[in-house]
Structures are given as C-alpha cells and as structure tokens.
Amino acid sequence: MDGVTDSERPLPPGPRTWAWSTTDSPVGPLGLAATLDGLLTVVFHADAGRTERTLSELERHLGAAPATAPSACHDVLAEAADQLRDYFAGRLRAFSVPLDWSLTSGFNRRTLRELLAHVPYGTVVAYQDLATRLGDPGAARAVGTAMGSNPLPIVVPCHRVIGSDGGLGGFGPGLEAKRALLSLEGVLPEPLF
C-alpha cells in the first residue's frame with residue numbers, strides 16, 4: 001500500500017477530530033498528529049516548545065483541540081509509532097499507515113505522492129529528475145519547495161531527494177537527520193561519529 005487515500009475530496013466544514021502523541025527515535029523526538037482519515041503530520045525535534053507551537057497551529061487549522069484517548073485517531077497514532085519503530089529497527093521498508101494529505105495541496109501534493117509511489121526504500125532521486133518525472137523539467141526548485149513543506153517526513157520520504165550532483169541538498173530537520181535516514185536505508189555509509 002502506498003498510503004494514498006481519497007483525500008482529494010473537499011474537507012467537511014467545521015472542526016475535525018484529531019489527536020497528538022510523541023515518540024522517541026534515533027533522530028530525536030517525533031511529534032505525530034492524526035485525524036480520522038490518517039496520519040496528518042510528523043514533526044521533528046518535538047520538544048516542549050515545538051510541540052506547543054505545533055499544537056496551536058493544528059488547533060487553528062483543524063478547528064478543535066486534540067481528542068483525548070481512546071479514539072480512532074489514537075489508533076492511527078499507535079500504528080504510525082509502531083511502524084516508525086520498525087523502520088528505525090530496519091524491519092520496515094514501506095509504511096502502510098493511512099495518510100491524511102490535507103496539509104498539502106496542488107503541485108506540492110502531486111510531487112509528494114510521486115515521491116511516495118516511485119522512490120522506494122534504499123534509493124534516491126534528484127530534485128531535477130523528480131521534476132522531469134512530474135512532466136515539468138523546469139520545476140526542480142518547486143520540487144525543493146514541496147520537499148521543504150512536506151507535512152509527513154520519513155513516511156513520505158523527502159530525505160530520499162538529493163542534488164543532481166549527488167550532494168545531499170537540503171532537509172528542514174537538518175542534514176544530520178537526513179544523513180542518518182539515508183545511512184539507515186543503506187544509501188550512505190554509517191557516519192564515523
């Protein structure tokens with residue numbers, strides 16, 4: 001399963017039910033938010049300050065405070081946390097948790113879906129090559145923007161997008177995290193320290 005759901009439909013008006021949790025990982029604490037439609041976002045560096053800011057932004061976007069457990073949203077969070085643990089342990093190569101794509105749209109969403117569907121674990125693609133795959137070879141910078149605004153990093157693997165020269169390119173959570181993820185997938189050698 002590539003995690004693509006029927007999220008092209010318009011969102012219903014009014015508040016949406018959602019939940020939040022954090023999980024530890026080798027790249028630091030990750031914040032996870034989910035709606036009834038699926039995993040909504042993965043947030044790197046989910047310390048107290050980042051969590052507070054993210055919760056405030058999500059409350060404004062979704063029109064409601066996070067739901068208390070238990071809820072179907074918490075089931076999605078538990079599934080996502082389990083899959084992330086398996087990924088970091090080297091036991092999972094493709095995520096199957098359902099995804100809520102509502103934090104992205106247009107070219108960015110199309111780019112992220114192309115990435116998810118066609119750049120598997122242990123491979124990389126250049127920004128330019130991804131633009132060409134999308135039928136817009138002049139859009140390499142726009143692909144970079146889409147990667148930078150990815151609400152679902154790791155699960156939608158923007159860390160697998162590199163420069164045409166083989167350089168790492170950028171990564172919002174930091175190049176150390178990108179190196180660690182690519183090393184985990186066998187694309188880069190393990191860092192020496």
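Heavy-atom basis, side chains included; hydrogens, waters and symmetry copies ignored. From a predicted model like this one, the values you see are computed outputs, not experimental measurements.
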How far does [atom1] of [X] sit from [atom2] of [Y], to the nearest 0.5 angstrom?
{"X": "E114", "Y": "F107", "atom1": "CD", "atom2": "CZ", "value": "10.5 Å"}
{"X": "H61", "Y": "T54", "atom1": "NE2", "atom2": "OG1", "value": "13.0 Å"}
{"X": "R110", "Y": "S105", "atom1": "CZ", "atom2": "OG", "value": "12.0 Å"}

Query raised in the report: With under 30° as parallel and over 60° as perpendicular, where do the rings of F95 and Y87 fit, or are they tilted in between?
Result: tilted
With sequence neighbours left out, what residues match [X] under side chain to side chain contact (heavy atoms under 4.5 Å, CB included)?
{"X": "P120", "result": "T123"}
{"X": "R93", "result": "Y121"}
{"X": "V124", "result": "I162, L182, V187"}

Query raised in the report: Which residue pairs satisfy the salt bridge (charged side-chain N to carboxylate O under 4.0 Å, His left out) criterion with at least one member in residues 133-153, sequence neighbours excluded?
Result: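 Not a single pair qualifies under salt bridge (charged side-chain N to carboxylate O under 4.0 Å, His left out).
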Query - Listed once per pair and sorted, the salt bridge (charged side-chain N to carboxylate O under 4.0 Å, His left out) pairs that draw on residues 39-57, sequence neighbours left out - result: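 Every pair satisfying salt bridge (charged side-chain N to carboxylate O under 4.0 Å, His left out) with a residue in residues 39-57: there are none.
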Taking all non-hydrogen atoms of both residues into account, name the closest pair between [X] and [Y] and its distance.
{"X": "S164", "Y": "Q128", "value": "OG-CB, 3.5 Å"}
{"X": "E59", "Y": "P66", "value": "OE2-CD, 3.7 Å"}
{"X": "T132", "Y": "P137", "value": "OG1-CB, 3.8 Å"}
{"X": "F44", "Y": "A177", "value": "CE2-CB, 4.0 Å"}

Report task. Could you list all the side chain to side chain donor-acceptor pair (under 3.5 Å) pairs where at least one residue sits in residues 69-83, not counting sequence neighbours? Result ->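 As it turns out, the side chain to side chain donor-acceptor pair (under 3.5 Å) pairs with a partner in residues 69-83, which skip direct neighbours, are S71-H74, E79-Q83, D82-R85, Q83-S96.
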Query raised in the report: Under the side-chain contact (heavy atoms from CB on, under 4.5 Å) criterion, do L84 and V97 qualify, and how do the steps go?
Result: CA-CA 10 Å; L84 283 162; V97 64; over 6 Å; no
Query - Validation row: P98, L39 side chains within 4.5 angstrom (heavy atoms) - result: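 P98 does not reach L39 side chain to side chain.
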Query raised in the report: Would you call L116 and L99 a side-chain contact if the rule is heavy atoms closer than 4.5 Å?
Result: yes
Tabulate below the donor-acceptor pairs under 3.5 Å that side-chain atoms of residues 147-155 make, not counting sequence neighbours, or state none.
unit_1 : atom_1 : unit_2 : atom_2 : d
S149   : OG     : N108   : ND2    : 3.1
S149   : OG     : T145   : O      : 3.2
S149   : OG     : A146   : O      : 3.2
N150   : OD1    : L152   : N      : 2.8
N150   : ND2    : V156   : O      : 2.8

Query raised in the report: Does any N or O in the side chain of K178 come within less than 3.5 Å of the main-chain N or O of V161, such that one atom is a donor and the other an acceptor?
Result: yes
Query raised in the report: Backbone N or O of L58 within a donor-acceptor pair of the W18 side chain at under 3.5 Å?
Result: no
Report task. Identify, with sequence neighbours excluded, every residue that meets side-chain hydrogen bond (donor to acceptor under 3.5 Å, both in side chains) alongside T68. Result ->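 T68: no side-chain hydrogen bond (donor to acceptor under 3.5 Å, both in side chains) contacts found.
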Please say yes or no: joined through hydrophobic side-chain contacts below 4.5 Å, possibly via intermediate residues, are [X] and [Y] part of one cluster?
{"X": "L40", "Y": "L77", "value": "no"}
{"X": "L103", "Y": "V143", "value": "no"}
{"X": "V125", "Y": "L175", "value": "yes"}
{"X": "V42", "Y": "L181", "value": "yes"}

Query raised in the report: Among all residues two or more places apart in sequence or in another chain, which pass the salt bridge (Lys or Arg N to Asp or Glu O under 4.0 Å) test with E185?
Result: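 E185 satisfies salt bridge (Lys or Arg N to Asp or Glu O under 4.0 Å) with R160 only.
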Report summary line: Those residues at least two apart in sequence (or on a different chain) that pass salt bridge (Lys or Arg N to Asp or Glu O under 4.0 Å) with R60 are none
Which donor-acceptor pairs under 3.5 Å do side chains of residues 21-36 form with protein atoms, sequence neighbours excluded?
unit_1 : atom_1 : unit_2 : atom_2 : d
S25    : OG     : V27    : N      : 3.1
S25    : OG     : G28    : N      : 3.4
S25    : OG     : G28    : O      : 2.6
T35    : OG1    : R16    : NH2    : 3.4
T35    : OG1    : D37    : N      : 3.1
T35    : OG1    : D100   : OD2    : 2.5

Requested in this report: May I have the step-by-step check of side-chain contact (heavy atoms from CB on, under 4.5 Å) for C158 and F171, ending in yes or no?
Outcome: CA-CA 8 Å; C158 55; F171 193 58; 3.7 Å; yes
Report task. Under the ring pair (Phe, Tyr, Trp, His ring centres under 6.0 Å) rule, collect the residues that match up with F88, sequence neighbours excluded. Result -> none
